[in-house]
Each structure stands twice: as C-alpha cells, then as structure tokens.
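See structure below.
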Protein chains: 2
Amino acid sequence: MLNKLLTPNGPGRPKDPAKRAAILEAAQRLFMRNGYDGSSMDAIAAEAGVSKLTVYSHFTDKETLFSFAVKSKCQQQVPELLFELAEGVPIEPVLLNIGRSFHQLINSAESIELHRVLISRGAQDGKLSQMFFDAGPQRLIDEMQQLLIKADASGLLNIANPLAAADQFFSLVKGGCNFLLLIGCAKPQSDSEIDNHIRDAVALFVRAYRP
Amino acid sequence: MLNKLLTPNGPGRPKDPAKRAAILEAAQRLFMRNGYDGSSMDAIAAEAGVSKLTVYSHFTDKETLFSFAVKSKCQQQVPELLFELAEGVPIEPVLLNIGRSFHQLINSAESIELHRVLISRGAQDGKLSQMFFDAGPQRLIDEMQQLLIKADASGLLNIANPLAAADQFFSLVKGGCNFLLLIGCAKPQSDSEIDNHIRDAVALFVRAYRP
DNA sequence: GTCTATATAGCGATAGAC
DNA sequence: GTCTATCGCTATATAGAC
C-alpha cells in the first residue's frame, strides 16, 4: 500500500503520479466540503479529471482514499507556532503570539472542515483521529508544556502543573466561538473582537500564574 | 405540522400517539448512534416496530423526523445547574458545583453523540444548530453571566467583562478532553482526574479574578 | 494503466389493498 | 391509519476493450 507512494514504478507500466496527486487533491476538497458520505467516488473522479477506476487503481477503496486525504491534510495543517523563550523578555508578548497563531489556525475554514469531518467519522475510525491528534494538538501541548516549564524555571511564571496549564491556555484561547463555527451558526467576529478575546485569555492566564 | 402533536385527533381515525412516541425514540437512538446518513428510514421503522409508511405518515420526511428527534433530545438534555449565590458564602464551592455539573453534562455519552450529530450536519442545517445553541449553551452562558455580575457586585470577584469571563469559565472546565471524546480517541479519565481538572479550572479562575 | 459500461445493493419516498 | 410491495435513483465496486 505504501510502496505505491515510495516506488511509483512497479513491474509493468508506471502509474501516473500526477493523476495520483490530482485524485488526492480532489478527494481532499470534496471530503472537506461535503463530508465522507456526501462525497461519492464518482464525484471525486470527475473533480480529479480521471476515470473512477483509476481512483480505485491508485487507492484500494473509499476508506483508504479518505485516510490518505486526511493524512495529507493534517501534514499541510501542521503548525509552526513560535515557542521560543528568550532570556530577560516578558512572557505576555510570547503568549500573545502563540495565542494569535493558535486562534487563527483552529478557526480557519480549512481547520473547521477538517475537524468536522474527523468528528463525523470519529466514532467509526478512532485510529485516524488518533493519528491526527498525535500530529497536531498533542505536539502543541508538548511544546507549550516545555515553554511553561522554562517560564517557571526562569521565574516568569509560577506553574506547578505545566501539562494542566498548557491545556488551560489552549482552552482559553479556543473559547466558545470555535464550537459555534463547528456546529455552523457562528456570527462572524471582527478582528478587534478576536484580538480582545486573545488578550483577555492571556491576561487571565498571566494574572493567575504570576509569581 | 405542529397540530399533529397538539391535536392527535384530526378528522377520521386518530393516529396512534404510542407509535409516534416509539418512532421518535427509535429515531433518537439511531440518529445519535449512527448519524444522519448512517440511519435509514427502514432501520428506524424496524427499530420502532412499525411500517416505514407509518413513519412518513407521522413525520413528513427524513429531515423533519431528524429535526423533531434533535429537538426532543435537546429538551431532555436541558440542564438544571445551580446558579444560586447566597449572601456571605465563598464563591469557590459554587463554581465547583457548576463546574462539576457542566463537566458531567457535556462529557456524557448522550451529549457527545448529540454534539457529533449536530457538527456533522451543522454545515447543512444551521437553523437546527441555532435552535440547539439557544436552548443549551446560550442559557448557561446567560445564567453564568448573571452570577458573575452578582459576584462582582458583592465584592467576591472583580470582573470587568462578565460575558467574556463566563466564556472563559466554561472553556476552562470543558478543557481539551471534550474534544478527544468528540473525535473518538479519548482515554477514559478516572473520577479523581476529573475532579482535579475541575479544581484546577476553578482555582485558575478565582486566582485571576479575586479582588 | 486507463477508459466506458455495468453488476449489485441500498437509499428515500410512494401506490394501492385492508 | 397502517400495511406490503415497489419505483426511481444513486452509491460502491468490478468486467472487458484498448
């Protein structure tokens, strides 16, 4: 299954990598837009500009194609937040930067759609959700935990339980608005509202954990 | 449409209210367990022990049945949290009680399934999500806001923005674990872990907002 | 390896007997 | 009002030509 990707040239005529990429792209678009059940293999093939059998040739079945599409989408979404903590610098600006990046990440249309699809399918494919979680949220929590340990050691903050504090921080920045976007009845927020929200979250966090 | 519920006796033979109830119950079970697309009208009719046409007779089509099922489920889930705030009593125990009730509510299997279904369908039926939100989360936020205003007036807490603070409180109690349950890869938490989580959330909140 | 055409099954919704 | 039987449609997955 994997050697299709690693060694495109098997015995006989090689499969067209461009078509494979087109299929994967089309699958991502449709799965994210219409969900698993809402996306037919016909539609995916049409969107990719190939025949349906070509889709089945590259990816065994619908489940497999879905897994590859999600996996690829996760890798695109992998965040590059700034968890650096320079010496002798106050902590608020660092947390504000992380908060802004995280907020933008989880509330982007792409991210909301990905979450929606995973939640819809979550009950039936826990492995895929686990993969997503390890590649995404878990890494953010780990890095945040490391940053908070450093901040505690530097005397910038007073944090007894870094893991719990990391969870608290992300929960605060996430807020209730993200849930509204997920269920599809959110009023659009202005940039200033978003910024105020993040400021409030960081302020609450720092106030509670200051030495 | 509604008078079917209010006046079960129309002209001619009355429809069987017991069958209507059985259909609604079966629809709730299957929709919550297998989602919208995963639940066929055949399966619902079989689960209810009636014919499929009886289902169509009581509820116009699948969308309508789904709306009634979700609406009914929401009314069952309507929480009775304790937002009382007696005079001369510390605030922590009150927040702990609310936090525990809220945590139990949103992490129950029934609630997770309802959220999952709403999120899956959310993109396609925003009205239903709006109805759910008004009946559930919005009311909790409102009541929490009122409580925080009182707490501020009493000098128990120092809260400039009660709405934002209410959102922060619920976000903290909710935590990251709820999301894990939604995507279907959560390790079960022990009672003591849950209690510690809620204590930490309340502690953070009170520490930041103490006068 | 890729295409057109098709097999098989399940869906939502309906017609007509009782 | 409720039932059995069925229509019309669409889905996943496959067979055979090039």
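Partners of Gln104(B) according to the side-chain contact (heavy atoms from CB on, under 4.5 Å) rule, which considers only residues two or more places apart in sequence or in another chain, do not exist here. For Glu193(B), the side-chain contact (heavy atoms from CB on, under 4.5 Å) partners two or more places apart in sequence, or in a different chain, are Gln189(B), Ser190(B).
For the OP1/OP2 pair of dG1(D) and a distance below 4.0 Å, the side-chain nitrogens and oxygens of His58(B) include no atom meeting the criterion.
Taking the six-membered ring where the residue is Trp, Phe179(A) and His115(B) present tilted rings, their angle falling between 30° and 60°.
Taken from CG in Leu140(A) to CZ in Phe169(A), the straight-line distance is 11.0 Å, to the nearest 0.5 Å.
Regarding Phe59(B), its CZ atom lies at a distance of 16 Å from the C1' atom of dA13(C), rounded to whole Å.
Within the 4.0 angstrom heavy-atom criterion, base atoms lie near Ser51(B).
Paired with Met144(A) under the rule side chain to side chain contact (heavy atoms under 4.5 Å, CB included), one option of Ile149(A), Leu81(A), Leu95(A) passes, and it is Leu95(A).
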Protein and nucleotides 9-14 of chain D: nitrogen or oxygen contacts under 3.5 angstrom:
from	atom 1	to	atom 2	distance (Å)
dT12(D)	OP1	Met41(A)	N	3.4
dT12(D)	OP1	Lys62(A)	NZ	2.7
dT12(D)	OP2	Met41(A)	N	2.8
dA13(D)	OP2	Tyr56(A)	OH	3.0
dA13(D)	OP2	Lys62(A)	N	3.3
dA13(D)	N7	Lys52(A)	NZ	3.4
dA13(D)	N6	Lys52(A)	NZ	2.4

